Amino acid sequence: MNYEQFLEQMKEDLKARFATDLPPEYSDVRIGIRDVEKLQGESYRGLSFRSGDSPVEANLNLTGAFQAYEAGRPFEDILKEVEAQLMKVVDRTPQFNVGELSNYEAMKPKLMMEVIPQKGNEDRLENIPHQKVEDMALIYRLDIGENSGGKMSSVITNQQLEAFGITAEQLHQDALENAPVTHPASLRSMQEVMAEMMGMEPEDAMPGEPTMLVATVEGGFMGASVIQYPGFMEQAAEKIGGDFFVLPSSIHEVLIIPDDGKADFHELEAMVQSINETQVAPAERLSDNVYHYDKADRVFELADKTAARKLSQEMEKKAAARAGAEKKPSILEQLGEKKKEAMDHAPKAKAPGRAVPEAAL
């Protein structure tokens with residue numbers, strides 16, 4: 001059978017098992033098939049399910065399960081695994097009523113932010129309130145909670161914004177205030193992060209070892225959004241000691257390295273692109289570009305814009321210096337002017353006259 005038939009068979013078998021073979025608390029689980037629109041080009045067609053009249057619907061992508069079936073795995077084994085997965089999700093799905101989901105004041109404390117690439121998300125961004133940040137877009141989510149699969153969140157759409165009865169500007173301002181409180185920023189050295197992953201105490205950086213900071217949120221979920229937190233860039237500039245480059249590691253974190261003249265942004269971009277291709281899942285890629293923060297001017301921008309801006313400033317300085325040099329007289333000219341000025345002010349000598357003979361006595 002093809003994928004569509006696989007989904008249909010899975011839906012019917014699960015509906016029968018949830019209705020008769022499982023404990024009564026699962027008997028009201030409703031199972032269907034739907035197209036799920038996801039960011040980063042990760043949309044799919046899969047199973048949808050919700051418990052009773054709950055407005056919260058969960059979705060499950062079964063493309064991997066279908067591939068296993070095509071590879072020869074028994075359908076019954078896959079069915080049991082999907083059943084167990086659905087039961088866990090149902091058990092841990094937070095319960096909301098319809099009134100809460102349309103009540104902005106009730107949902108506002110759950111506001112969080114996410115930065116995503118504009119490229120590849122153009123169609124979805126047409127239906128999502130967002131702000132452009134260079135080649136990225138800042139969007140807004142509701143943090144619904146956690147289940148066995150991790151964090152559960154929902155992207156706020158234009159339709160939901162209308163149901164809330166608020167403007168995109170209010171949503172943005174409320175998210176800027178709420179997100180740093182509910183999802184605090186985390187800014188640590190790479191040594192600290194690596195030591196924590198290995199369960200060790202962090203060691204001091206070796207002499208000559210480049211400084212690198214990892215910027216995210218506590219918990220790391222959608223943590224690259226810290227670059228839009230109020231005051232975060234200034235905080236990072238103080239900790240790093242000046243201007244810095246921002247390397248988009250993923251939608252969950254960014255790396256910060258000082259702009260101390262030792263790093264070339266072209267080389268950094270080549271590194272980011274290579275890592276994205278080999279180590280970052282497509283759904284979690286943020287950008288192939290490198291960004292820069294100017295501490296003095298408080299400007300966050302693409303690194304190539306910084307290079308162009310600084311080149312333009314340098315050319316303007318040189319042009320101004322040349323213009324000043326052209327207006328300033330040379331030393332010889334100054335000496336000539338002073339000599340002329342001195343001669344103009346010197347007392348004039350009398351012209352010699354003819355001698356007048358004295359009268360003889």
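Since we're looking at a predicted model, the values are computed, not measured.
Just one of H172, Q228, M113, M136 meets the side chain to side chain contact (heavy atoms under 4.5 Å, CB included) condition when paired with Q131; it is H172.
Evaluation of the salt bridge (Lys or Arg N to Asp or Glu O under 4.0 Å) rule for D13 yields no partner, not counting sequence neighbours. Residues that satisfy the salt bridge (Lys or Arg N to Asp or Glu O under 4.0 Å) test with R309, not counting sequence neighbours, are D294, D297, E301. With sequence neighbours left out, the ring-ring contact (aromatic ring centres under 6.0 Å, His included) criterion links Y44 to no other residue. Every residue was checked against the ring-ring contact (aromatic ring centres under 6.0 Å, His included) condition with F232, not counting sequence neighbours, and none meets it. Take F300 and apply the ring-ring contact (aromatic ring centres under 6.0 Å, His included) test, not counting sequence neighbours, and it matches Y291. Listed by chain and residue number, R45 satisfy the salt bridge (Lys or Arg N to Asp or Glu O under 4.0 Å) test with E4 (two or more places apart in sequence, or in another chain). Scanning for salt bridge (Lys or Arg N to Asp or Glu O under 4.0 Å) contacts around R34 gives E57, with sequence neighbours left out.
Between atom CZ of residue R141 and atom CE of residue M112 there is a gap of 7.0 Å, rounded to the nearest 0.5 Å. Atoms CE and CG, on M10 and L62 in that order, are 6.0 Å from each other to the nearest 0.5 Å. Annotation: the span from I116 atom CD1 to I128 atom CD1 amounts to 6.0 Å, rounded to 0.5 Å. Of the inter-residue distances, the one linking E105 atom CD with I166 atom CD1 reads 9.0 Å to the nearest 0.5 angstrom.
Judged as a salt bridge (Lys or Arg N to Asp or Glu O under 4.0 Å), the pairs with a partner in residues 251-260 (not counting sequence neighbours) are, in order, D259-K310. Applying the salt bridge (Lys or Arg N to Asp or Glu O under 4.0 Å) test to every pair with at least one member in residues 161-190, sequence neighbours left out, gives these pairs: R188-E196.
Counting side-chain heavy-atom gaps under 4.5 Å among Ile, Leu, Val, Met, Phe, Trp and Tyr, the cluster of M315 also holds L311.
Between the side chain of T216 and the backbone N or O of H252, at least one donor-acceptor pair lies under 3.5 Å. With H266 contributing its side chain and D264 its backbone, the two residues share no donor-acceptor pair below 3.5 Å. Remark: the backbone N or O of A168 is not paired with any side-chain donor or acceptor of Q170 at under 3.5 angstrom. No side-chain donor-acceptor contact under 3.5 Å links E284 to the backbone of A281.
Annotation for Q159: atom CD does not count as buried by contact number, only 12 or fewer foreign heavy atoms lying within 6.0 Å.
The hydrophobic clustering, which links ILVMFWY residues whose side-chain heavy atoms are closer than 4.5 Å, places L138 and V299 apart.
Salt-bridge check for K11 with E8: passed, with a basic side-chain N closer than 4.0 Å to an acidic carboxylate O.
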Which side-chain N or O atoms in residues 241-248 pair as donor and acceptor under 3.5 Å with protein atoms at least two apart or in another chain?
residue: D243; atom: OD1; partner: K295; partner atom: N; Å: 2.8

Scan the side chains in residues 270-278 for donor-acceptor partners under 3.5 Å anywhere in the protein, sequence neighbours excluded, and list what turns up.
residue: N276; atom: ND2; partner: S287; partner atom: O; Å: 2.9
residue: N276; atom: ND2; partner: D288; partner atom: OD1; Å: 2.7
residue: T278; atom: OG1; partner: S274; partner atom: O; Å: 2.9

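L268 is listed as a side-chain neighbour of V290, based on a closest heavy-atom distance under 4.5 Å.
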